[in-house]
Structure formats: C-alpha cells, structure tokens
Amino acid sequence: MLSIVILAAGQGKRMQSDLPKVLQPLAGQPLLQHVISTAKSLNPRAIHVIYGHGGDHVRSALRDAPVDSWVLQAEQRGTGHAMQQALPVLQDGDLALVLYGDVPLITPSTLHALIERAGSNALGLLTVMLRDPTGYGRILRDEAGRALAIVEDKDASPEQRQIREGNTGVMAVPVSHLRRWLTALKSDNAQGEFYLTDIIAMAVADGVEVHPLCIDDEAEALGVNDKLQLADVEAHYRRRAARRLMQAGVTLMDPARIDIRGDVQVGRDVLLDVNVILEGRVVLGDRVTVGAGCVLRDCEIASDTIIHPHCVIEQARVGAAARIGPFARLRPGADLGADVHIGNFVEIKNSRMETGAKANHLAYVGDATVGARANIGAGTIVANYDGAQKHHTTIGDDAHTGSNSVLVAPIVVGEGATIGAGSTVTKDVPPGGLTVARARQISLPAWKRPKKSAQ
Ligand code: UD1
Ligand code: CA
C-alpha cells in the first residue's frame with residue numbers, strides 16, 4: 001500500500017515574506033494545497049504532512065485538506081530529519097512516496113510511473129535533466145548508468161557540479177528499508193543537516209536496487225525557494241492550464257495572456273479574449289465569448305452569451321444568449337435569465353432577473369426580483385439598505401423604471417408600470433400606467449437673475 005509523506009517544514013528564508021513558504025499562492029491556492037491535491041489523486045492509504053515553520057498558520061490555512069496526520073518537526077534539521085519524524089506513522093510493508101511542499105507541478109502520471117519502478121526491494125528516484133542544475137543535488141552514476149548516490153550542491157566537487165542530472169527530491173521507498181536507513185543518517189556534511197538524499201548510497205550498499213526515472217520536462221521538478229521561482233512556476237501553471245483549455249476546443253486569443261486559477265468546464269466553441277482571469281469553479285456553455293480583461297470567479301455562463309470586456313462576475317449565474325458589459329459587475333447571488341442585457345456600469349447583487357430583462361446603463365439592482373422584459377432605466381438605484389436591514393424589491397414583468405429613479409425597498413412595482421424619470425418611489429406602484437414621484441416643474445417668467453454688487 002502507498003503512504004505519502006509531504007515535507008513542508010522549511011522556513012523559506014529566501015521568500016523574504018512573513019507568510020510560510022508552503023502557503024505562498026500558486027494560481028490562487030497555497031503551494032502545499034497543490035501538492036496535497038496531487039497526492040490525493042493517487043489514492044494513497046494515507047497522506048502525512050511534516051510541518052514546522054509557521055505551523056499553526058499552515059494547519060489552519062489547510063484545515064479542510066485531506067491530510068491524515070500532521071507531523072510536527074519542531075526544529076528543521078534537514079530533509080532526512082524531517083522524514084525521521086514520519087516514521088511513527090508509517091507502516092512496514094508500505095511504500096512511502098516522498099513529495100516536497102515546495103515542488104508543486106509534479107504530475108500524477110509521473111508519480112504513477114515512479115511508483116511502478118519501486119517495490120519491496122527497489123527504490124524509485126525521480127531525477128531531471130536541468131539546463132542549470134545549480135542548487136540541486138546531483139545524481140552520481142557508474143559507467144553502466146546505475147545510480148550510486150546523490151551529492152548535494154554545497155558538498156559537490158567542481159567535477160560533480162558539471163553533472164546536469166538533478167534530484168527532484170521525489171522518491172518512492174519501501175518503509176522497512178527506510179526505517180533502517182533513516183536511523184543511520186549522519187549530519188557530517190557542508191550544511192550540518194540530515195540529508196534524506198544519503199539513503200541512495202545506503203540502498204546501493206545494501207543491495208537494494210535504485211531505479212531512477214529521469215523526466216525531461218524541467219517545469220515538473222521546479223522547486224520554489226524565492227519569488228522569482230514562484231513567478232516561474234506560476235507561468236508554467238498558466239501555460240499548462242491554457243493548453244488544457246485549447247485541447248478542449250477553446251479559442252484563446254493569446255494563450256500567454258490568460259489565467260486559470262481553478263476548475264473550468266467548457267462547452268464547444270468558447271472564445272476567450274486576452275487578459276481574462278478565471279477563478280474557482282467556472283462553467284462556460286457552448287459558444288460563450290468572454291471579452292478582454294474580464295474576471296470570472298465561481299460562476300456559470302450559459303450558451304451563446306457574450307460577456308463584453310472588463311466585467312467582474314462572482315458567484316453569479318447568467319442565462320443563455322445574454323449580453324453583459326462592457327464594465328458590468330455581477331456580484332454574489334446575481335441570477336440572470338436568458339436574453340438578459342446588462343450594460344456598462346451596472347451592478348447586480350443577489351437579484352433574479354427574468355428572461356429578456358434589461359439594465360443597460362449606470363444602475364444598481366440589489367436584493368430584487370426583476371420580471372421578464374422589464375427595463376431598468378439609466379441611473380436607476382434600488383435602495384435596498386435602510387442602514388440596518390436589507391429589504392426586497394419586486395419589479396413586475398414589462399415594467400419600466402425611468403432614468404434616475406430611486407426605488408426605496410421594500411417595494412413592489414406592478415406589471416407593465418412605468419415610473420417617470422427622476423422619481424423617488426417609496427410606496428408600491430400599481431400595474432400599468434405612469435407613476436411620477438417628483439416635484440412638478442414650474443417656470444417663473446418674471447424672475448430676474450441677481451446682479452453682482454459693485455465693489
Ligand atoms: C533538496 C534536496 C536536493 C534536491 C532539491 C530539489 C536534500 C538534502 N536535498 O534540496 O537534492 O535537488 O531538494 O528541490 O534533500 N524540509 C523540511 N524539514 C527540513 C528541511 C526541509 O520539511 O528540516 C522540507 C522543505 O520544506 C522543502 C523540502 O523539504 O519542502 C526541501 O527542502 P529544501 O531546504 O528546500 O531542500 P533543497 O536545499 O532545495
Ligand atoms: Ca527547495
């Protein structure tokens with residue numbers, strides 16, 4: 001059976017940040033969250049996380065993550081020392097897969113391949129060919145190509161530093177052997193640490209086979225130690241997500257200018273213009289078009305809808321063949337039917353708009369139900385908040401609210417009613433007809449403008 005140990009106790013000094021390294025965000029989620037998700041996808045018996053630096057913060061940020069045991073490494077004395085802390089929770093007979101909390105792009109398929117190489121008397125070691133291996137442990141092999149040992153960058157001789165095959169840190173090790181090797185680790189090296197990597201030479205000495213798996217895609221092995229590497233990993237993540245969308249049939253105007261930070265489901269012939277950000281769970285129906293600069297978070301957009309540029313849509317649903325924006329904001333609870341039109345500088349919050357309803361310019365609709373084909377005039381404000389409570393507004397089918405009207409909730413506007421421009425409506429409006437609630441216009445022909453007094 002497979003048990004996974006994620007090493008995540010390191011401080012990450014080079015981040016220059018108060019946030020523990022493994023909580024630094026990649027695509028909007030903590031680095032460690034990505035590693036845990038990958039681990040979970042392998043269906044292990046258990047996932048153990050070794051944590052230490054910023055411990056409480058790490059645990060509370062990931063309290064909902066599927067972790068079986070959080071193991072504290074109070075003092076960070078190296079990766080071997082970190083693994084020693086896991087020994088009490090590991091079972092003999094299991095295979096332990098070691099992952100790093102700061103190496104987030106490893107794919108499940110690579111890990112499957114690595115696990116297949118390991119066995120009760122064989123260790124799987126994931127290595128990578130690097131253009132610049134600085135900082136990585138190097139893989140030492142004999143003439144026959146067998147892996148013999150790992151030498152850390154700081155302990156390597158100038159010749160060993162020429163080796164381009166680096167240690168990813170990921171390995172699959174039979175627990176019974178691991179127990180024995182970890183107890184024999186020494187810290188007589190350049191960093192005075194207990195190196196997990198020393199177990200490779202021990203395996204070789206014990207006649208346990210070491211099966212390296214060398215990956216070509218450097219990105220998978222990228223470790224995050226500073227903000228530069230964090231940006232690098234983010235860029236790789238972005239490219240990967242863009243590629244996945246294109247493989248699903250989405251047209252991206254520029255695959256380099258799109259950010260996907262979550263789980264996106266798409267229909268056929270979806271088009272995304274540049275600088276679109278999709279976060280959380282986003283569902284886009286067939287032929288949906290999203291204009292430049294839109295941010296969509298946790299929302300569903302039905303088929304044939306066009307989102308014009310620069311809209312922000314969060315926790316909202318939009319029906320089929322709707323037109324949204326440019327510059328519209330749909331806030332949580334906005335629920336728009338088919339053929340709804342929302343224009344520029346319109347904000348909708350916690351409101352249902354039925355089929356064909358329109359709010360084309362400069363309006364606020366909050367805590368309301370807007371009937372089919374109703375027209376919210378330019379400058380209409382639904383005054384939903386009395387300073388203490390929120391109240392509901394109901395606007396009937398085919399009603400029209402005039403420009404610059406204020407509807408003071410709670411209020412019901414009847415079907416087919418028309419509200420005159422500039423009205424402040426505080427009482428229910430009967431169906432049909434015209435309701436005007438503003439001072440009458442008067443003209444004073446004899447009125448004279450005051451003159452400036454002479455100084
Ligand atoms: C490690 C490997 C190196 C490899 C590189 C790949 C060792 C000795 N070296 O080096 O061969 O090429 O990763 O990225 O293993 N951690 C703990 N407790 C500790 C120390 C570290 O949990 O006491 C965790 C860190 O949080 C991190 C991981 O282990 O997630 C790696 O530690 P780090 O200090 O970054 O190791 P590297 O020097 O990068
Ligand atoms: Ca590292």
Side-chain angles (χ1 to χ4, degrees), residues 4-15 17 19-24 26 30-36 38-39 48-55 57-58 62 70-86 97-106 125-130 132-140 147 149-156 160-161 163-171 173 178 181-182 185-202 212 214-215 218-226 229-230 232-233:
I4 298 181
V5 181
I6 302 174
L7 304 189
Q11 174 177 8
K13 275 203 199 91
R14 284 168 284 171
M15 277 289 166
S17 168
L19 194 65
K21 174 160 83 172
V22 290
L23 293 186
Q24 298 284 332
L26 165 63
L31 285 171
L32 181 55
Q33 175 69 61
H34 290 271
V35 181
I36 293 172
T38 305
H48 310 292
V49 177
I50 313 298
Y51 74 105
H53 200 83
H57 197 163
V58 172
L62 293 161
W70 290 93
V71 180
L72 180 68
Q73 183 195 20
E75 228 188 313
Q76 281 81 61
R77 300 173 64 198
T79 50
H81 180 255
M83 273 310 281
Q84 284 169 359
Q85 316 308 305
L97 176 68
V98 183
L99 302 178
Y100 284 4
D102 64 349
V103 181
L105 297 180
I106 295 270
L125 177 67
L126 194 65
T127 71
V128 59
M129 276 305 177
L130 295 155
D132 175 13
T134 311
Y136 285 79
R138 309 296 207 285
I139 311 298
L140 308 186
I150 298 176
V151 57
E152 287 305 301
D153 192 60
K154 291 201 172 99
D155 300 284
Q160 289 169 331
R161 289 214 177 93
I163 298 171
R164 286 180 45 237
E165 187 180 6
N167 172 32
T168 65
V170 175
M171 50 178 96
V173 195
L178 182 67
W181 296 329
L182 285 178
L185 282 182
K186 296 202 176 64
S187 59
D188 52 349
N189 51 53
Q191 306 188 76
E193 288 184 355
F194 295 95
Y195 291 164
L196 176 59
T197 43
D198 284 350
I199 71 169
I200 302 302
M202 294 176 170
C214 184
I215 49 175
E218 272 194 33
E220 271 200 62
L222 282 180
V224 179
N225 298 304
D226 58 27
Q229 289 169 331
L230 185 63
D232 237 18
V233 165

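Because the structure is a prediction, the values reported are computed rather than measured. When a ligand or atom number is given, it counts from 1 through the structure's own listing order.
Residue L7 has at least one nitrogen or oxygen atom sitting less than 3.5 Å from a nitrogen or oxygen atom of ligand 1, judged on distance alone. In terms of N/O distances under 3.5 Å, ligand 1 is not approached by E75. Residue-to-ligand polar distances place G78 within reach of ligand 1: an N/O pair is separated by less than 3.5 Å.
Annotation: side chain of M83 is not in contact with side chain of V173 (no heavy-atom distance under 4.5 Å). Side-chain contact between N225 and K21 is present, with heavy atoms from C-beta onward closer than 4.5 Å. When side chains are defined from C-beta on, V58 does not count as touching V49, because their heavy atoms never get closer than 4.5 Å. A 4.5 Å side-chain heavy-atom check between I106 and V35 finds every atom pair outside the cut-off. Residues E218 and L130 have side chains in contact (heavy-atom distance under 4.5 Å, counting atoms from C-beta outward). Side-chain contact between P212 and I139 is absent, with no heavy-atom pair separated by less than 4.5 Å.
Listed by number with element, the atoms of ligand 1 under 4.0 Å from a non-hydrogen atom of G137 are 3 (C), 4 (C), 11 (O), 12 (O). Which parts of ligand 1 touch A82 is read off a 4.0 Å heavy-atom cut-off, strictly below it: atoms 17 (C), 18 (N), 22 (O). Counting atoms of ligand 1 from 1 in the listed order, those under 4.0 Å from a heavy atom of G10 are 16 (N), 17 (C), 22 (O), 25 (C), 26 (O). Near D102, the atoms of ligand 1 lying under 4.0 angstrom from a non-hydrogen atom of the residue are 27 (C), 30 (O), 35 (O). For ligand 1, the atoms closer than 4.0 angstrom to any heavy atom of N225 are 35 (O). When each atom of ligand 1 is checked for a heavy atom of G101 under 4.0 Å away, the hits are 30 (O). Which parts of ligand 1 touch T79 is read off a 4.0 Å heavy-atom cut-off, strictly below it: atoms 7 (C), 8 (C), 15 (O), 20 (C), 21 (C), 29 (O), 31 (C), 32 (O). Listed by number with element, the atoms of ligand 1 under 4.0 angstrom from any heavy atom of T168 are 6 (C).
At a 4.0 Å heavy-atom cut-off, ligand 1 touches E152 through the side chain alone. Residue-level proximity to ligand 1 for R77 is carried by the backbone, the only part with a heavy atom below 4.0 angstrom. Here A221 has no heavy atoms under 4.0 Å from ligand 1, in either its backbone or its side chain. Contact annotation: for V22 versus ligand 1, there are no heavy atoms closer than 4.0 Å. When heavy-atom distances to ligand 1 are checked against a 4.0 Å cut-off, A9 comes that close through both its backbone and its side chain.
Nearest heavy atom pair, residue L19 against residue H57, reads CD1-CE1, 3.7 Å.
Here the NZ-CG distance, from K154 to N189, works out to 10.5 Å after rounding to the nearest 0.5 Å. A distance of 6.0 Å separates OH of Y100 from CE of M171, quoted to the nearest 0.5 Å. Atom NZ of K13 and atom CG of D226 lie 14.0 Å apart (nearest 0.5 Å).
Residue contact check for ligand 1: A8 places a non-hydrogen atom closer than 4.0 Å to it.
No option in Q73, E193, Q76 other than Q73 meets the side chain to side chain donor-acceptor pair (under 3.5 Å) test with H81.
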